[in-house]
Each structure stands twice: as structure tokens, then as C-alpha cells.
Amino acid sequence: MDKSLHFTVCVLTALLLLRESSQAGEEKDPEIWLCVPPCQEDPYVMVRGAELEGYCMELLAALAGMLRFQYRVRVVADGQYGAVAAGGNWSGMIGEILRREADMAVAPLTVTSAREEVVSFTTPFLQTGIGILLRKDTASQDMSFFHFLSPFSKETWTALLFAYLLTCFCLFLVARLSPCEWNEPKNEENHFTFLNSLWFGAGALALQGATPRPQAFSVRVIAVVWWLFTLALLAAYIANFTALLSSGSEQLPIQTFEDLVKQRNLEFGTLEGSSTFYYFKNSKNPIHQMIYEYMEKRREHVLVKTYQEAVQRVMDSNYAFIGESISQDLAAARHCNLIRAPEVIGARGFGIATSQASPWTKPLSIAVLKLRESGDLDYLRNKWWESSCLQERWGPLEPPALGGLFLTLGIGLALGILAALKSCCSVFTEEICTRLRIKGAARQSQETSGKANA
């Protein structure tokens, strides 16, 4: 009996010890090795003193807090994201995961079919595409001397001129037909001549009152409709002209990848061995094939090793960088002399890479979705992509922007002076002729009186 009781106590003690050890093991967070991109890849991973910070580091901290794991960070040895080498081996972060040197890679790592075949990716935490990064002074075309006409197209200006002439003709015609516009019908006096109608319409365009003032109800109806038309027209012109002056993308001659291929002033390239390079290599689009052939023939000269090298080259030379649009948006936010072309192709996403046998892929994907639904990913995006160029959006206007206005003013002043000189010349000529006639008549009278006296 004592032996059985002793055995029971020992078993219970052993079970309690095993339970405590299992609970202790459950409370201890698992430890994961991570590889991150090379340091100073703004804004994903940056060195601040003895610590790392950036978008990826804050994302890691949020995921670790949700999934209760600890992690150790190591920078990828070769500084590459991951591409297939000549021997079939993978380099960069993908290679380190395959060799089990790291459990996962948290970086701006593009999800591609080739990478998905060897590793697993979580739900993308950032959406991006392929864009063109340019320097503003090399990308912008010279502003037209008549830039103030740019808010409206040529067709709109033609239609506006036609509407102006038609309205003025209608004013003239209706004023002629309406008895109220005749001051003295017997004397056939009507102030709404065609020239006066043109002057009245021009005054309305400039929001200025002009004579003659309409008296008949029919003429007033046409005048009110023309005033409302000009009011809406001027509002649209001012709004478009303001937007045109405040935005530089309208002056970009390189709007698309086709424009990039056709021009000859800028060299263009991308990161060597990046997913962007292989996107153009595998694309069947003729324009994309031309871009790939250009980069392949000049790969030693146009392909860059790092993203920082690409940005610096864009700022220092006539070079256009083809890469991830979200990284280019950051470069444009950090460097106010850079701009991204409007077209973005190849929609894709950045995901966290893990080994195919890793149990963390699905929990990480769920955690990323929760962060997106709660707005935390948008907060991180706005925090680390904040632009420092907002105050420079409204800069001083350059002379070419308003040169056409000054030219138009000068032409108008010159025409006015010429018209005044013509009038003066006409009056002067008439005065001379009158005086010559008077002198001639005086001489003739003298000669006549002389002959009479003789």
C-alpha cells in the first residue's frame, strides 16, 4: 500500500513538473532569424546610431507583437534581393532562405513567379509597379511663349472665337429688328452697329461693362446668356491655368515608356538582376522588348548595382531610371528636382519571403491583412513617404510662362499707337490740305482783284 501510494505521488509529481515545463516552453517566444536589405535603403532599413529603423523594422515590430515571436536581424551578405545565377543557384535573400541561413526576408522584395517556385510569399504589404524616374530639368520641355493659351485646346479656342462672332452677329441682327433699339426710326439711328456689337461682346469677356446698353428685351436676353457663358468660361480658364502652373507633369515630354524609347537625349536602365530587368526580358510587348534590347546591349553602362546609385545617377547625368514606382515616389519626395513619369506598368507587390516548409507563412499573411484592415499599413506608408517638397509646389513663375501675355499687350499698345498716329496723320493731312486750299484761294482772289484793278 505504501509502495503504491509512493508510486502515485511520484507519478503526480512528474506530471506536474512536465506540465510546468511545457507551460514555460509555451510562454517562451520562438526565435527567428531574419535577413534584411543592405543598410541605408531609405526608408525600408536605415542605421541610426547603433540601431536599425525604417518601414521594414516597424513592420517587423508590429508582426512580432501580433504573433508573439522574437527575431534577430542580419543584413544580406551580397547585398542582392535574389536572382538565379548562371549555375542555377539563387543569390541574395532568396539564396539565404534556400540555404537556411535565414528563416524569412523582410524587404522590398517583389513577388514573382520565379521566386514563388522556390520560396513562399505572404500577402503583399506594399503595392507597386514599374515607373520611370526623371530629373525635372532634363525631362521638362521648354515652355511655350504662348503658354497662357495652354488651358484650352486649339479646338476650344476655335469654338470660342466662332461663338463670339456668332453672338455679336445675333446682337447686331436682333437690335436691327427690334424697334426699341431705334432712337429715332425716321432718322434711322441705331447704336448697335456690328462694330459696337463686337465691342460689347469683348467687354463681357473681360467682365467689363461696355456701351451701347441694350434696350430691347430680346437683345437683353442674348446679352444675359452671353454674360453667363463668359462667366463660366473665365472660371474654367482660371482653374485650368492655375493647375497648369502648379503642376510640372504637363510639360513632361516623357509620359510613357514609348516616349522613353523614342527619345535620344536620355539613357535609361534599371537594377542589375532585378525583377524589373526580367520583366522586360520576358515581356512580349514590342516596346518592352526594345527597352530590354537597349539595356542588354549597354548593360555595363546603363545597369546599376544599387538603388542609391540609380538615384544619384539620375540627379547627376542625363539618365532615366526604370524601377519600382513606390521607391521612385520616395525619391521624388526626398529630392525635389526629381519626378516620376505618369505611366506605371506591371502591377505587383512586396511580400515577406519564407521557406516553402515554413509554418509562419499563413500566420504572417493573416497578420499583414489585419494591419491593412486596421489602417496601420497606410499609417506607415504616409509616415515614411512624407514629402519634403510641398512648400516648393508653388514656385515663382518663369518669364516664358507669361511671355505671350506681355507680347500680346505690346502688340495691342503698338496697334493703338499706330491707330492714333494714323488719325493724327489724317487730321494733319486734312489741315494741310485745308490751309493749302485757303492759300490757293487767297492767291487766286488776289490775282483776280489785281486783274480787275488793271
Side-chain angles (χ1 to χ4, degrees), residues 30 32-46 52-76 80-82 92-94 96-97 102-131 271 274-276 279 307 323-331 333-334 340 344-356 358-387:
I32 299 176
W33 281 88
L34 302 173
C35 60
V36 298
C39 297
Q40 297 299 331
E41 180 150 7
D42 187 15
Y44 302 104
V45 177
M46 298 172 291
L52 296 176
E53 68 174 16
Y55 179 92
C56 289
M57 303 309 298
E58 290 199 17
L59 177 63
L60 269 175
L63 294 174
M66 295 176 65
L67 300 179
R68 295 179 58 82
F69 65 82
Q70 296 179 352
Y71 58 89
R72 294 184 182 181
V73 177
R74 62 186 300 270
V75 177
V76 61
Q80 301 295 320
Y81 289 99
M93 303 180 203
I94 303 297
E96 293 196 3
I97 292 177
D103 295 305
M104 65 179 69
V106 181
L109 194 60
T110 306
V111 181
T112 64
S113 58
R115 290 171 177 171
E116 190 76 48
E117 291 179 356
V118 294
V119 297
S120 296
F121 281 97
T122 65
T123 300
F125 56 86
L126 275 178
Q127 300 293 333
T128 183
I130 299 176
L271 287 174
S274 64
S275 60
T276 301
Y279 173 86
Y307 175 75
E324 303 292 346
S325 60
I326 193 169
S327 299
Q328 294 175 350
D329 291 338
L330 176 72
R334 296 289 189 270
R340 179 176 61 80
V344 176
I345 61 174
R348 55 184 65 189
F350 292 156
I352 300 174
T354 63
S355 63
Q356 292 183 337
S358 174
W360 290 98
T361 306
K362 188 172 182 179
L364 286 170
S365 295
I366 296 175
V368 169
L369 289 175
K370 289 182 178 179
L371 290 175
R372 179 179 299 169
E373 293 169 356
S374 64
D376 291 338
L377 291 183
D378 293 333
Y379 168 75
L380 291 178
R381 171 72 164 79
N382 296 331
K383 174 183 178 180
W384 291 102
W385 270 259
E386 183 179 2
S387 176

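Reckoned from all heavy atoms, side chains included, excluding hydrogens, waters and symmetry mates. Each residue takes its place number in the sequence, starting with 1.
- The main-chain N or O of Gly323 is never found under 3.5 Å from a side-chain atom of Thr276 such that the two would form a donor-acceptor pair.
- Inter-residue side-chain proximity for Leu330 and Trp384 is flagged as unmet; no heavy-atom pair is nearer than 4.5 Å.
- For the pair Ser274/Tyr81, no side-chain contact is recorded, criterion being any heavy-atom separation below 4.5 Å from C-beta on.
- Glu117 contributes no side-chain N or O that, together with a main-chain N or O of Thr112, makes up a donor-acceptor pair within less than 3.5 Å.
- Listed for the Arg115 side chain is no donor-acceptor partner under 3.5 Å among the backbone atoms of Ile94.
- Side chain of Gln328 to backbone of Arg340: no donor-acceptor contact under 3.5 angstrom is found.
- Proximity of Trp360 to Asp103: side-chain heavy atoms (C-beta onward) are nowhere separated by under 4.5 Å.
- Heavy-atom minimum distance, Glu96 versus Val76: OE2-CG2, 3.5 Å.
- For Lys370, the side-chain contact (heavy atoms from CB on, under 4.5 Å) criterion is met by Met66, Ile366, not counting sequence neighbours.
- Met104 has its side chain out of reach of Thr122: every pair of non-hydrogen atoms, C-beta onward, lies at least 4.5 Å apart.
- Side-chain contact between Leu377 and Val368: present, with at least one pair of heavy atoms (C-beta onward) separated by less than 4.5 Å.
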**Message:** The test is side chain to side chain contact (heavy atoms under 4.5 Å, CB included); show your working for Asp329 and Arg381 and say whether it passes.
**Reply:** CA-CA 11 Å; Asp329 291 338; Arg381 171 72 164 79; 4.1 Å; yes
Practice prompt. Test Val118 against Ile97 for side chain to side chain contact (heavy atoms under 4.5 Å, CB included), laying out the working first.
Written response: CA-CA 9 Å; Val118 294; Ile97 292 177; over 6 Å; no
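- Here CD of Glu58 is found 10.5 Å from CG of Asp376. Values are rounded to the nearest 0.5 Å.
- Across every non-hydrogen atom of Thr361 and Ser355, the tightest pair is OG1-O, 4.2 Å.
- Minimum heavy-atom separation, Trp385 to Tyr44: CZ2-OH, 3.6 Å.
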| query | Would Leu63 and Ile352 count as a side chain to side chain contact (heavy atoms under 4.5 Å, CB included) if you check the C-alpha gap in whole Å, the side-chain angles of each, and the deciding distance to 0.1 Å? | reply | CA-CA 11 Å; Leu63 294 174; Ile352 300 174; 3.5 Å; yes
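- Here the side chains of Val106 and Val45 are not in contact, with every heavy-atom distance at 4.5 Å or above.
- Taking each heavy atom of Ala107 and Cys56 in turn, the nearest pair found is CA-SG, 3.8 Å.
- Taking NZ of Lys362 as the reference point, atom CG of Leu364 lies at 13.0 Å (rounded to 0.5 Å).
- Among residues two or more places apart in sequence or in another chain, the ring pair (Phe, Tyr, Trp, His ring centres under 6.0 Å) test is passed with Tyr279 by His288.
- In plain terms, the two heavy atoms of Leu109 and Ala105 that are nearest each other are CD2-CB, 4.3 Å.
- The side-chain contact (heavy atoms from CB on, under 4.5 Å) test applied to Thr128 returns Glu324, Ser325, Ile326, Arg348, Phe350, not counting sequence neighbours.
- Of all the heavy atoms in Ala353 and Val119, the pair that sits closest is CB-CG2, 4.3 Å.
- Put simply, the side chain of Tyr307 gets close to the backbone of Ser327: a donor and an acceptor are under 3.5 Å apart.
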